[in-house]
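Shown next, in structure tokens, is the structure this report addresses.
Just the heavy atoms: all of them, side chains too, but no hydrogens, waters or symmetry mates, feed the values below. One is the number of the first residue; the rest follow in order along the sequence.
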Amino acid sequence: MHMKKYSILSLIIAMFLSGNVVFAQKSDKIYLTADEVPNAVYWLPQPPAPGSTQFLYDLSQYYWGKQQRLDSLRAKKAIREADIEVSDMLSQFSGAFGMELSKQKTPAIYKVVERAVLTIRLSATKPKATYMRTRPFVYFNEPTLVSADEEELRNTGSYPSGHTVRGWGMALLLCEINPAAQDELFKLGYEWGQSRVIAGFHWQSDVDASRMLAAACYARLHTCKEFLDDMSAAKKEFDKMF
């Protein structure tokens with residue numbers, strides 16, 4: 001299901017490591033380039049080293065995640081939240097937002113969220129390629145909840161979590177459009193990251209760092225006129241529906 005998407009991501013990371021990617025390039029799919037978003041390698045701490053006190057917390061959270069899998073509803077939720085397509089994510093965030101969100105029914109909201117989420121996701125590219133942290137399912141040589149994703153993710157960096165950056169970023173963006181739904185949106189955004197621990201793909205410190213990274217990139221987006229214009233249009237679209 002996700003293998004083709006991850007093949008593309010793996011190629012991008014490999015090209016970055018070989019020096020063949022020019023991050024200054026910009027398209028109409030993003031608001032900022034990877035060189036313009038906050039550089040997490042510079043300001044975020046390195047991931048906890050095995051044997052450190054911080055790593056012990058990661059280990060305990062890994063076992064916590066495995067316990068959560070015993071709850072079939074929570075396990076199914078973690079599997080659903082492995083989706084990375086913006087359309088799929090918006091569908092899952094629609095309940096918390098309070099109305100159906102889609103490219104067809106809410107085009108202005110869809111546009112700003114899609115471009116912004118893809119921009120926020122760029123902020124994880126450099127630290128992933130720099131640290132190439134071993135993922136927990138590889139470290140323990142144990143299965144995850146989404147076996148179809150394991151092959152593609154096995155050799156990609158665990159720190160930070162791209163899924164969490166997307167999920168927390170989407171919660172931030174949607175809250176700006178509909179602040180009345182903030183509690184439900186942030187609850188879902190938080191759980192989206194924890195799903196990566198439960199599924200076995202990420203350490204807790206990967207997820208925690210990703211929330212800070214998404215928030216930093218979200219703030220940076222507010223210096224971009226294109227983003228501000230699109231966000232204004234999204235708010236107007238939302239207001240007209242009530």
Side-chain angles (χ1 to χ4, degrees), residues 1-41 81-94 97 100-129 149 152-153 156-157 160-177 185 189 192 210-211 213-238:
M1 178 178 176
H2 307 296
M3 291 183 69
K4 186 175 181 180
K5 304 170 192 173
Y6 285 122
S7 295
I8 296 172
L9 175 60
S10 300
L11 177 61
I12 291 173
I13 292 175
M15 292 174 68
F16 170 77
L17 290 171
S18 65
N20 292 326
V21 171
V22 179
F23 281 121
Q25 293 179 347
K26 186 175 178 180
S27 73
D28 59 1
K29 291 290 187 181
I30 55 176
Y31 290 111
L32 303 166
T33 68
D35 284 333
E36 292 174 320
V37 297
N39 183 358
V41 178
E81 291 171 358
D83 285 333
I84 59 173
E85 290 291 343
V86 171
S87 58
D88 296 332
M89 292 182 67
L90 275 174
S91 176
Q92 295 190 55
F93 270 85
S94 290
F97 189 81
E100 182 181 348
L101 300 170
S102 68
K103 192 172 186 177
Q104 293 72 34
K105 294 195 173 184
T106 56
I109 294 175
Y110 186 93
K111 178 183 178 182
V112 72
V113 170
E114 180 180 44
R115 289 187 71 183
V117 165
L118 292 177
T119 302
I120 290 172
R121 173 59 183 82
L122 279 178
S123 64
T125 305
K126 288 183 179 180
K128 274 184 173 290
D149 290 347
E152 287 296 327
L153 293 181
T156 61
S161 163
H163 281 75
T164 304
V165 168
R166 289 183 181 90
W168 194 243
M170 184 168 286
L172 289 165
L173 292 160
L174 292 177
C175 179
E176 181 169 349
I177 298 168
L185 289 169
W192 202 276
S210 299
R211 295 187 183 117
L213 186 52
C217 196
Y218 171 73
R220 176 67 173 84
L221 277 170
H222 284 76
T223 67
C224 174
K225 186 178 184 303
E226 278 186 274
F227 168 76
L228 294 175
D229 289 344
D230 286 349
M231 178 58 77
S232 177
K235 292 175 181 177
K236 290 178 181 177
E237 179 180 76
F238 174 72

Separation of Lys105 NZ from Leu90 CG (nearest 0.5 Å): 14.0 Å
Listed partners of Lys103 passing side chain to side chain contact (heavy atoms under 4.5 Å, CB included), at least two apart: Tyr110
Check against side chain to side chain contact (heavy atoms under 4.5 Å, CB included), Leu174 and Leu101: CA-CA 10 Å; Leu174 292 177; Leu101 300 170; 4.0 Å; yes
Thr106 OG1 to Phe97 CZ distance, which is reported to the nearest 0.5 Å: 7.5 Å
What's the spacing between Glu152 CD and Thr156 OG1 if we round to 0.5 Å? 8.5 Å
Using side-chain heavy atoms (C-beta onward) and a distance below 4.5 Å, is Trp192 in contact with Thr164? no
Val37 side chain reached by Arg220 side chain, heavy atoms, under 4.5 Å: no
About how many Å separate CD1 of Ile177 and CG of Leu172, when rounded to the nearest 0.5 Å? 11.5 Å
Do His163 side-chain atoms and Ala82 backbone N/O form a donor-acceptor pair below 3.5 Å? yes
Aromatic contact between Tyr218 and Trp168, with the criterion being ring centroids under 6.0 Å apart: yes or no? no
Below 4.5 Å, heavy atoms only, C-beta onward: do Leu173 and Ile109 meet side chain to side chain? no
Compare every heavy atom of Ser123 with every heavy atom of Val165, then report the nearest pair and how far apart it is. CG1-OG, 4.2 Å
If we only count heavy atoms from C-beta on, is the Met170 to Leu185 side-chain gap below 4.5 Å? no
Rounded distance [0.5 Å steps], CG in Leu221 versus OH in Tyr31: 8.0 Å
Should Leu228 and His222 count as side-chain neighbours, where that means a heavy-atom distance under 4.5 Å? yes
Rounded to the nearest 0.5 Å, how far apart are NZ of Lys29 and CD of Glu114? 5.0 Å
Qualifying salt bridge (charged side-chain N to carboxylate O under 4.0 Å, His left out) pairs, either residue in residues 167-177, two or more places apart: Glu176-Lys235
Under a 3.5 Å distance rule, please check whether Arg166 uses its side chain to pair with a backbone N or O of Arg121 as donor and acceptor. no
Do Leu32 and Leu122 touch side chain to side chain, with heavy atoms closer than 4.5 Å? no
Taking all non-hydrogen atoms of both residues, which atom of Ser161 and which atom of Ser210 are closest, and how far apart? N-OG, 2.7 Å
